[in-house]
Amino acid sequence: MQDKYQPATIEAAAQQHWEHTAAFRVTEDPKRPKYYCLSMFPYPSGKFHMGHVRNYTIGDALARYHRMKGFNVLQPMGWDAFGMPAENAAIQHDVPPAAWTYANIDYMRGQLKRLGFAFDWSREIATCAPSYYRWEQWLFTRLFEKGLIYKKLGTVNWDPVDETVLANEQVIDGRGWRSDALVEKREIPMYYMRITAYADELLAALDELPDWPEQVKLMQKNWIGRSEGVEVHFPYDEQSIGKAGVLKVFTTRADTLLGATYVAVAAEHPLATQAAANNPTLAAFIEECKKGGVAEADLATLEKKGVDTGLRVVHPLNGESLPVWVANYVLMGYGEGAVMAVPAHDERDFAFAGKYGLPVKTVVSSAHDAYQEVVAPWLDAYAEHGRLVNSGKYDGLDFQAAVDAIAADLDARGLGQKRVQFRLRDWGISRQRYWGCPIPMVHCDDCGDVPVPDAQLPVVLPEDVTITGRGSPLARLPSFYECSCPKCGKPARRETDTMDTFVESSWYFLRYASNDSQTAMVDARANYWAPVDQYIGGIEHAILHLLYSRFFTRAMRDCGLVSISEPFTRLLTQGMVVANGYYREDDSGKKQWFSPAEVSITTDERNRPLSATLTADGAPVTIGGMVKMSKSKNNGVDPQALIEQYGADTARLFIMFTAPPEQQLEWSDSGVEGASRFLRRVWNFGYALASEASLQVAIPAQLPAAVADVRREIHTHLKQANYDFGKHQFNTVVSAAMKILNALEKLPRSETAAQAVAAEGFSILLRLLSPITPHIAHALWQEGGFGADILDAPWPEPLDAALTQDEIELMLQINGKLRGSLRIAATASRSDIEHAALASGSAQKFMEGQPAKKIVVVPGRLVNIVV
RNA sequence: GCCGGGAUGGCGAAAUCGGUAGACGCAGCGGAUUCAAAAUCCGCCGGUGGUGACACUGUGAGGGUUCGAGUCCCUCUCCCGGCACCA
């Protein structure tokens with residue numbers, strides 16, 4: 001046994017041992033409970049960043065812990081391999097996306113192996129492999145036939161110079177990132193997944209996910225956005241519009257209908273198009289609305305603007321004529337693309353009406369009881385519920401009664417009814433990009449859109465393509481798009497769009513269970529492993545990826561492929577890894593970020609940072625605070641360098657100890673040093689113990705008091721650690737392990753009894769650490785002769801015999817203020833405690849002779865005397 | 001703009017159901033060891049006052065509930081994540 005901790009040697013040895021014994025290869029075993037532990041698979045961008053290391057360390061700790069608890073554990077890994085970065089690399093470095101991606105995968109697989117994660121590598125998948133995406137294409141054609149995929153127009157960011165569609169990320173301040181051209185909105189035909197067909201189910205089933213973070217469920221609930229309201233039809237004023245018809249709007253505030261003073265439609269609304277034909281001002285405004293990207297965050301912060309169309313509609317209840325405006329805050333994609341505007345009771349309408357001099361009519365009273373009291377409309381909108389006023393026969397009704405009455409009257413006139421509206425929209429999956437899964441459709445002049453038959457799948461993505469950043473590469477490749485119609489055999493055109501990469505990540509967790517199947521997307525093995533028992537990934541995926549996966553699982557269920565409805569039973573959303581950022585601003589306000597390694601910091605006498613300078617030139621830099629580790633902020637720490645210097649166990653320990661998994665993790669070099677120091681102490685203790693202690697010595701029933709105290713302390717910390725492990729609070733599990741080592745070091749090891757307790761305690765410590773720092777635990781377990789492979793050692797449980805104590809300490813409070821403590825028999829009754837408390841010196845002193853009004857006793861914790 | 005989350009010593013954090021605020025670690029300071037340094041070990045370590053015992057004060061800000069609030073309620077400030085084509 002080495003006398004010094006040498007991580008490089010022991011980590012290589014442990015990894016070899018796992019490799020030789022195929023330790024993490026698993027098969028279905030109906031006799032044991034299964035535990036499918038899954039970390040979100042990475043995009044193979046080139047090398048791992050610290051966020052990945054954190055993600056996989058958490059997953060690995062849970063997988064190893066459950067294995068020791070007796071579960072049949074599956075922990076697979078793969079690659080989310082389609083995406084834009086490969087195309088960007090192709091443009092920049094003239095390397096084919098496929099070659100670039102596969103090279104990255106090879107390098108990154110090596111990094112994961114060096115970190116010692118317990119992955120079953122025989123199940124590895126890469127989504128860019130035809131063997132993977134052929135099944136995605138196969139499912140696409142099924143969903144198309146079921147009507148769960150359909151085609152319609154969608155709005156995209158269009159770069160008029162590069163003649164290409166841009167991702168929201170590629171639109172910077174309204175301009176294309178490469179061309180710098182002003183981006184426009186453009187409508188193109190796209191395929192959509194009908195996720196809204198599952199809106200109710202996706203919403204209701206959130207209640208059946210008790211082990212998902214409340215925060216994530218709430219975000220999904222709000223995203224789906226089910227609202228009950230009323231669809232209101234405003235009949236066209238035939239004189240101004242020139243034809244009969246109704247303008248439909250949806251509102252959750254039908255009670256305010258009598259306060260509607262105008263209606264607003266989106267720029268793309270048919271009425272807007274009609275009115276613009278002979279109204280140059282309006283046409284110009286609609287043109288202006290087309291400028292800029294489609295990202296909602298940008299649209300929602302635009303200055304609210306509008307133009308009167310000159311068209312008019314009729315109020316469905318009072319017959320008044322209302323103007324129709326085009327407003328940039330009404331979005332065509334939501335609801336009907338039109339809203340009724342009630343300035344008195346909606347902040348946004350109020351601001352808009354004020355700006356354009358539109359009338360404000362108050363119809364809801366702010367007072368709960370006296371409905372006569374009316375808010376002065378020129379002050380502000382009153383958006384709360386209240387009783388109706390100025391509404392004729394509806395006056396005095398409260399919110400619900402008013403909605404009911406108005407909806408009934410609209411229904412009677414055929415001008416509306418109650419209905420449910422979702423905020424959730426169907427999922428547009430067409431991408432005008434190369435490095436993605438080809439959409440398996442053929443367009444025939446005679447037969448229309450025809451799915452590619454099973455026998456012709458997969459539609460293989462050609463790899464001999466030039467990527468220029470202009471246009472869609474596949475659309476310029478006749479050898480790809482020229483084909484014959486599967487139905488009639490005539491010449492036809494293959495679809496050249498690829499799928500959103502979210503599609504691949506919506507079902508990969510099922511493919512791991514049967515990744516070698518050539519004959520089916522998923523087979524019976526998927527129903528053994530599914531659902532994923534524990535899923536771990538970044539909080540940034542709280543809505544899109546997780547919602548799409550939930551939808552996809554249901555769609556696959558309804559195609560008879562799996563029996564589950566929910567893909568992920570438990571969810572852990574890990575926080576970001578951040579580090580200090582330092583920058584300088586140039587005259588144009590552009591920030592230049594410096595690596596923390598290049599910066600010197602001065603501090604005050606309390607060690608608070610005062611200022612920072614660039615070491616190279618001594619001139620000041622701005623301290624930018626803790627920001628997400630990234631290339632652009634120049635503050636990333638390379639996991640590879642860390643592992644080479646300290647070893648994988650130190651990296652894993654630091655990550656798990658420094659912050660609870662769901663919180664942001666702040667990088668600190670000295671913290672890494674501390675983690676390494678602890679592992680050295682563990683090694684040194686194990687080395688000393690191996691030379692002296694006998695594992696055969698039984699722990700005597702009667703221990704010297706000092707030894708019994710240490711043993712109780714160890715088992716108390718173990719109890720705490722088990723509790724914390726159960727709630728995934730790994731930082732305090734590590735704390736408990738540190739406390740156990742501190743306790744062990746107090747043992748007088750010249751006594752045999754103490755040696756036996758030390759051996760017991762150390763075996764607990766190693767098992768507690770093994771999910772987090774598996775290499776050192778493996779080595780010391782083996783060297784110490786504790787038994788067979790620690791991977792399958794039973795998880796340690798605290799012993800009642802070691803935990804019992806005769807006397808306990810209670811806190812003593814007078815009037816809720818801590819004034820002392822009380823040592824008392826553990827079995828003392830409530831009145832014993834009260835008497836002892838009143839008799840204590842602290843009570844005598846602080847009660848100042850006054851009688852006790854009340855005595856609060858919290859068993860095992862405290863006594864509070866109220867005077 | 002909308003939805004969600006966070007704020008506790010010099011720093012990362014802990015405090016399980018409303019019950020000892022700051023466990024554990026980092027940094028710092030003092031000491032031991034050393035020719036010296038590294039490493040290691042021991043001690044101190046929220047603030048104010050006090051030699052000390054101790055007292056007062058303290059969990060982003062302001063208010064409230066309670067015998068008792070970091071924890072519950074109301075109002076506010078700042079920071080972070082998401083917003084449908086980054087993954």
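Chain letters run A, B, ... following the sequence lines, proteins first and then strands; every chain starts at 1. Computed from a predicted model, the values in this text were never measured in an experiment.
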_Within the 4.0 Å heavy-atom criterion, would you say Val734(A) contacts the bases, only the backbone, or no part of the nucleic acid?_
nothing
*Hey, mind stepping through Trp427(A) and Tyr191(A) against ring-ring contact (aromatic ring centres under 6.0 Å, His included) and telling me if it holds?*
CA-CA 8 Å; Trp427(A) 173 18; Tyr191(A) 287 97; over 10 Å; no
*Will you find, in the side chains of Ser505(A) and Asp80(A), an N or O donor that is under 3.5 Å from an N or O acceptor?*
no
*In whole angstrom, what separates Leu544(A)'s CG from C3(B)'s C1'?*
13 Å
*May I ask you to check whether Ser179(A) and Asp159(A) show a side-chain donor-acceptor distance below 3.5 Å?*
yes
*Met190(A) CE to C85(B) C1', straight-line distance once rounded to whole Å*: 9 Å
*Compute whether any side-chain donor of one residue and acceptor of the other, for Gln729(A) and Tyr723(A), lie under 3.5 angstrom apart.*
no
*Check the distance between C67(B)'s P and Leu812(A)'s CG and give it to me in whole angstrom.*
18 Å
_Please determine whether a side-chain nitrogen or oxygen atom of Asn168(A) lies at a distance below 4.0 Å from atom OP1 or OP2 of A84(B)._
yes
*Ala542(A) near the nucleic acid: base, sugar-phosphate alone, or nothing, with a heavy-atom cut-off under 4.0 Å?*
nothing
*Select base, sugar-phosphate, or nothing to describe what His545(A) touches, counting heavy atoms under 4.0 Å on all strands.*
nothing
*Say you pick atom P in C56(B) and the same atom in C79(B); how far apart are they, in whole Å?*
38 Å
*Side-chain N or O of Lys4(A) less than 4.0 angstrom from OP1 or OP2 on U40(B)?*
no
*asked:* So Lys727(A), base contact, sugar-phosphate only, or nothing? Heavy-atom distance under 4.0 Å.
replied: sugar-phosphate
_Close side-chain approach of Trp100(A) to Pro85(A), heavy-atom, < 4.5 Å_ = yes
*Give a yes-or-no answer on whether the side chains of Ser227(A) and Gln421(A) include a donor-acceptor pair shorter than 3.5 Å.*
no
*Pick base, sugar-phosphate or nothing for Ser45(A), based on heavy-atom distances below 4.0 Å to the nucleic acid.*
nothing
*asked:* When you measure only distances, ignoring hydrogens and angles, does the side chain of Gln813(A) come within 3.5 Å of the base of G19(B) through a donor and an acceptor?
replied: yes
*Nucleotide of C80(B), U16(B), C24(B) approaching Tyr723(A) most closely (side-chain heavy atoms)*: U16(B)
_From CD of Glu214(A) over to C1' of G4(B), roughly how many Å is that when rounded to an integer?_
12 Å
_Between A84(B) (C1') and Ile224(A) (CD1): distance, integer Å_ = 13 Å
*Just by distance, with hydrogens left out, do Asp724(A) and Thr732(A) show a side-chain donor and acceptor under 3.5 Å apart?*
yes
*Going by modelled atom types, is there a donor-acceptor pair between the base of C85(B) and the side chain of Gln432(A) at under 3.5 Å?*
yes
*Nearest-angstrom distance from the residue atom CD of Gln664(A) to C1' of G12(B)*: 11 Å
*Indicate, with yes or no, if the rings of Tyr329(A) and Phe352(A) have centres closer together than 6.0 Å.*
yes
_Short side-chain N/O contact from Gln663(A) to OP1 or OP2 of A13(B), under 4.0 Å_ = yes
*Given that both distances must come in under 3.5 Å, which nucleotide forms a Watson-Crick or G-U wobble pair with U71(B)?*
none
*asked:* Using OP1 and OP2 only, check whether a side-chain N or O of Asn742(A) sits under 4.0 Å from C24(B).
replied: no
*When you compare G63(B) with A13(B), how far apart are their P atoms, in angstrom units rounded to a whole number?*
28 Å
*Choose from C3(B), G12(B), C85(B) the nucleotide whose nearest atom is closest to any side-chain atom of Asn222(A).*
C3(B)
*Residue matched to C24(B) through Watson-Crick or wobble contacts both under 3.5 angstrom*: G12(B)
*Under 4.0 Å between any heavy atoms, over every strand shown, what does Pro660(A) touch: base, sugar-phosphate, or nothing? Just pick one.*
sugar-phosphate
*Taking only side-chain nitrogens and oxygens of Asn731(A), does any of them come within less than 4.0 Å of OP1 or OP2 of A23(B)?*
no
*Contact nearer the 5' end of RNA chain B, comparing Leu665(A) with Val216(A)*: Val216(A)
*Would you classify Leu424(A) as touching base, sugar-phosphate or nothing, given that sugar-phosphate means primed atoms plus P, OP1 and OP2, and contacts are heavy atoms under 4.0 Å?*
base
*Within the structure, does a side-chain N or O atom of Arg425(A) lie under 4.0 Å from either OP1 or OP2 of A84(B)?*
no
*Between C85(B), U20(B), C83(B), which nucleotide gets closest to the side-chain atoms of Met811(A)?*
U20(B)
*When rounded to the nearest Å, what value does the distance between P atoms of G10(B) and U48(B) take?*
10 Å
*For nucleotides G30(B) and U20(B), find the distance between their C1' atoms and express it as a whole number of Å.*
29 Å
*asked:* Looking at Asn864(A) and C67(B), is any side-chain donor or acceptor paired with a base atom of the opposite kind under 3.5 Å?
replied: yes
*Please determine, for the side chain of Ala167(A), which listed nucleotide (G19(B), C85(B), G12(B)) has the closest atom?*
C85(B)
*Output yes when at least one side-chain N/O atom of Arg433(A) is less than 4.0 Å from OP1 or OP2 of C85(B), else no.*
no
_With the 90 degree cut-off around zero defining syn, does G9(B) come out syn or anti?_
syn
*Write down the distance between CE (Met576(A)) and P (G81(B)), rounded to a whole number of angstrom.*
5 Å
_Distance check, C1' atoms only: U59(B) and C11(B), in whole angstrom units._
16 Å
*Counting only N and O atoms by type, is there a donor-acceptor contact under 3.5 Å from the side chain of Lys217(A) to the main-chain atoms of Leu209(A)?*
yes
_Candidates A14(B), G1(B), G25(B) - which lies nearest the side chain of Met738(A)_ = G25(B)
_Within the 4.0 Å heavy-atom criterion, would you say Arg423(A) contacts the bases, only the backbone, or no part of the nucleic acid?_
base
*Phe846(A) near the nucleic acid: base, sugar-phosphate alone, or nothing, with a heavy-atom cut-off under 4.0 Å?*
sugar-phosphate
*Side chain of Met219(A): nearest nucleotide among C3(B), A87(B), C83(B)?*
C3(B)
*Which one is paired to C76(B), where only Watson-Crick or G-U wobble pairs with both distances under 3.5 angstrom count?*
G60(B)
_So, does Gln729(A) get its side chain near the phosphate of A15(B), meaning an N or O under 4.0 Å from OP1 or OP2?_
yes
_Reading RNA chain B from 5' onward, which residue's closest nucleotide shows up sooner: Arg861(A) or Ile539(A)?_
Arg861(A)
*Short side-chain N/O contact to A87(B) OP1/OP2 from Thr501(A), under 4.0 Å*: yes
*C26(B) OP1/OP2 closer than 4.0 Å to side-chain N/O of Arg677(A)*: yes
*Centroid-centroid distance, Trp223(A) to Phe422(A), less than 6.0 Å*: no
*asked:* With syn defined as a glycosidic angle within 90° of 0 and anti as the rest, where does C17(B) land?
replied: syn
*Touch class at under 4.0 angstrom, heavy-atom based, for Leu862(A) against every strand present*: base
*To the nearest Å, how far apart are Lys817(A) NZ and G68(B) P?*
11 Å
*Answer with base, sugar-phosphate or nothing: what part of the nucleic acid does Glu666(A) contact at a heavy-atom distance below 4.0 Å?*
sugar-phosphate
*Is the base of A27(B) touched by the side chain of Ser670(A) through a donor-acceptor pair closer than 3.5 angstrom?*
no
*Remember a base hit wins even if backbone is also touched, and classify Gln215(A) as base, sugar-phosphate or nothing at under 4.0 Å, heavy atoms.*
sugar-phosphate
